[in-house]
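Here the structure is laid out as structure tokens; the discussion comes afterwards.
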Amino acid sequence: AAAVVDVIEFFFPLSIDRLARDKGIFQGPMPLLLSSSSFDDLSLLLHGSAKGPSHIEFGAHQAIIVRNDATRKLLTKQLPTALVLTVFESKGLEFDDVLLYNFFKDSVVGEKEW
């Protein structure tokens, strides 16, 4: 999570309050940024293709976090086995793996404000 905050602070320095850097007890993997925002690419990532299965195990320890309820409803219909939550619904919960889906694309803030 600290790596995501670092990126936001770098690219959008006036859009986030600066707090002391969070330090975890254990070193974890760095976040992976995917530039595609299509549902087909997300489905391919999670489920694999005809050429082979996905290497991602999606279960109770994983969640897809979205910005709004409309996106949550859309993904829940298309990925019925995935846990899809809005930011508000995910507050206080912990997961091993989190995917932020179209997080900036679905923002109501104008591009100039970022």
Partner set under side-chain contact (heavy atoms from CB on, under 4.5 Å) for [X], not counting sequence neighbours:
| X | answer |
| --- | --- |
| Leu100 | Ile65, Val98, Phe103 |
| Asp96 | His61 |
| Val7 | Phe11 |
| Val84 | Ile64, Val66, Arg72, Leu75, Thr76, Ala82 |

Audit row: Phe95, Leu85, side-chain contact (heavy atoms from CB on, under 4.5 Å) steps and yes/no: CA-CA 12 Å; Phe95 301 98; Leu85 303 168; 3.8 Å; yes
Hey, quick one: are Phe10 and Phe12 part of the same hydrophobic cluster, counting side-chain heavy atoms closer than 4.5 Å, chains of contacts allowed?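 The answer is yes; both residues are in one hydrophobic cluster.
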Side chain to side chain donor-acceptor pair (under 3.5 Å) involving Ser90 - partner list, sequence neighbours excluded: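 Ser90: no side chain to side chain donor-acceptor pair (under 3.5 Å) contacts found.
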Rounded to the nearest 0.5 Å, how far apart are CG of Leu79 and OG1 of Thr81?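 Answer for the CG-OG1 pair, Leu79 versus Thr81, is 6.5 Å.
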Scan for salt bridge (charged side-chain N to carboxylate O under 4.0 Å, His left out) pairs involving residues 74-88, sequence neighbours excluded, and state none if there are none.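 Counting only pairs at least two positions apart or across chains, no salt bridge (charged side-chain N to carboxylate O under 4.0 Å, His left out) contact touches residues 74-88.
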